[in-house]
Amino acid sequence: MLVEFEKRIRYHYYNKSLMEEALTHSSYANEGKKHIKNNQRLEFLGDSVLSIIVAQYLFEHYTYLPEGELTKLRAFLVCEKSLHQFALRIHLGDYLVLGKGEENTGGRKRPSILADAFEAVIGSIYLDSGLEAARTFVLRFIPEELDVEKVTYVSDYKTALQEIIQKNREEKIEYVIVAEKGPDHNKTFTVEVHLNSNVIGTGEGRSKKQAEQVAAKEALSLMGYET
C-alpha cells in the first residue's frame, strides 16, 4: 500500500515513518491509539512550505503582476478547494488511515481532510528530502499558465484582509484556533483573527480553513468593508 502511494506521488521516502504520519488522520490516533502520530503537525509545516513554493513560482513567472494580484493568485492556488482537487489527482483518500467514525461518514472524500492531508504530504517530503524535493512535488500541480483574469476575482476574505493590513508593515495578523467541538468526523473549529494582540474577528467552520475565512469576513465587516 505504501509502496503504491510512493509510485502515485512519484517520490521515494527515506524515512517511511514520515509517510505514515502524513497519511494518519487525528481520528485514528484518537481512537485509543495515543502512541500513534497524526498528520496535524505536518499539515502545519506543509502549509508554510506550500506558501513559499507557490509565492516564489508566481514571483518568477508573473513578473508583470503587482503584489496584490500575486497575493490573490497564491490564495487561489493554496485554498482548500484547490488542494482538494490536487489530492484527488493522486487518489490521496485511498491511502489515508482514518478512525472508524470518520471512515463511516465519508471521511476519505471530505474536502477538508484531503486538503489537510495534501499539506501534510508536502511537509513530510520537506522533512525527508528538503525544499527542492517538496518544490518538485508541488509544481506538478501548478498549471503552467493561469487564467489571471478569472482567478483574481475569487472571493477570499483572508486575502482581502491581508491586503488591507499589509499597507502598514508594522501590523501583523494571526489566526488562532481557540476551540474544537464534536467528534472527529463532525468537528467544528472556532478561530480568532488577531491584529497584533487584539481580536478583530471570530469564525466557526467544519474545517480550520473555513473558520479562518469566516473570521476574516467578520473582521472586514467590523472594519467597515462590504463583504
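Keep in mind that this is a model prediction, so the values were computed, not measured.
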Is L58 reachable from I52 through a run of hydrophobic residues whose side-chain heavy atoms are each under 4.5 Å from the next?
yes

same_hphob_cluster(L50, F76) at 4.5 Å side-chain heavy-atom cutoff
yes

Would you call K187-E102 a salt bridge at under 4.0 Å N-O?
no

E171 vs N196 side-chain heavy atoms within contact, under 4.5 Å:
yes

Where do L220 and A160 come nearest, in terms of heavy atoms and distance?
CD1-CB, 3.9 Å

Quick one: do L2 and L42 end up in the same hydrophobic cluster if we chain Ile, Leu, Val, Met, Phe, Trp and Tyr together by side-chain heavy atoms under 4.5 Å apart?
yes

Passing candidate, side-chain contact (heavy atoms from CB on, under 4.5 Å) with R108, options D94, L92, L96
L96

For E192, check salt bridge (charged side-chain N to carboxylate O under 4.0 Å, His left out) against everything at least two apart and list the hits.
none

For a quick test of reading the model, state the closest non-hydrogen atom pair linking A215 to V191 and the distance between them.
CB-O, 3.7 Å

Can you check whether Y175 reaches K158 side chain to side chain, under 4.5 Å on heavy atoms?
yes

Taking V97's backbone N and O only, do any of them form a donor-acceptor pair with T24's side chain (distance below 3.5 Å, no angle check)?
no

Looking only at heavy atoms, what is the nearest atom pair of S27 and G99, with distance?
OG-N, 2.9 Å

According to a hydrophobic-cluster definition based on side-chain heavy atoms being under 4.5 Å apart (Ile, Leu, Val, Met, Phe, Trp, Tyr only), do I113 and L45 belong together?
yes

Check whether any side-chain heavy atom of F59 sits under 4.5 Å from a side-chain heavy atom of Y57, and report yes or no.
no

Find out whether Q213 and E80 are in side-chain contact, i.e. whether some heavy atom of one side chain is under 4.5 Å from a heavy atom of the other.
no

How about K100: does its NZ atom have over 12 heavy atoms from other parts shown lying under 6.0 Å from it?
no

With a 4.5 Å limit on heavy-atom distance, are the side chains of Y95 and I90 in contact?
no

Do the side-chain N and O atoms of Q162 and T71 include a donor-acceptor pair separated by under 3.5 angstrom?
no

Would you say that R110 contacts T105 through its side chain, given a criterion of any heavy-atom pair below 4.5 Å between the two side chains?
yes

Counting distance only, does the side-chain N/O of E218 pair as donor-acceptor with the main-chain N or O of T202 below 3.5 Å?
yes

Do you know which two heavy atoms are closest between L83 and K209, and how far apart they sit?
CD1-CE, 4.2 Å

Which heavy atom in L161 sits nearest to a heavy atom in A219, and how many Å separate them?
CD2-CB, 4.1 Å

Going from CG on L23 to CG on L18, what distance comes out if it is rounded to the nearest 0.5 angstrom?
11.0 Å

Do any side-chain atoms of residues 124-143 form donor-acceptor pairs under 3.5 angstrom with protein atoms, and if so which ones, sequence neighbours left out?
from : atom 1 : to   : atom 2 : distance (Å)
S124 : OG     : Y13  : OH     : 2.7
S124 : OG     : V121 : O      : 2.7
D128 : OD1    : Y14  : N      : 3.4
D128 : OD1    : N15  : N      : 2.9
D128 : OD2    : Y11  : OH     : 2.5
D128 : OD2    : Y14  : N      : 2.8
S129 : OG     : Y11  : OH     : 2.3
E132 : OE1    : R135 : NE     : 3.3
E132 : OE2    : R135 : NE     : 3.3
E132 : OE2    : R135 : NH2    : 3.0
R135 : NH1    : Q56  : OE1    : 3.1
T136 : OG1    : E132 : O      : 3.0
R140 : NH1    : I9   : O      : 2.7

L98 vs Y28 side-chain heavy atoms within contact, under 4.5 Å:
no

Look only at the side chain of Q210 and the backbone of R206, and say whether a donor-acceptor pair between them is shorter than 3.5 Å.
yes

Taking the side chain as every heavy atom from C-beta outward, state whether V199 and V176 have any atom pair closer than 4.5 Å.
no

Which atom pair, heavy atoms only, marks the closest approach of E119 to E43?
OE1-CG, 3.5 Å

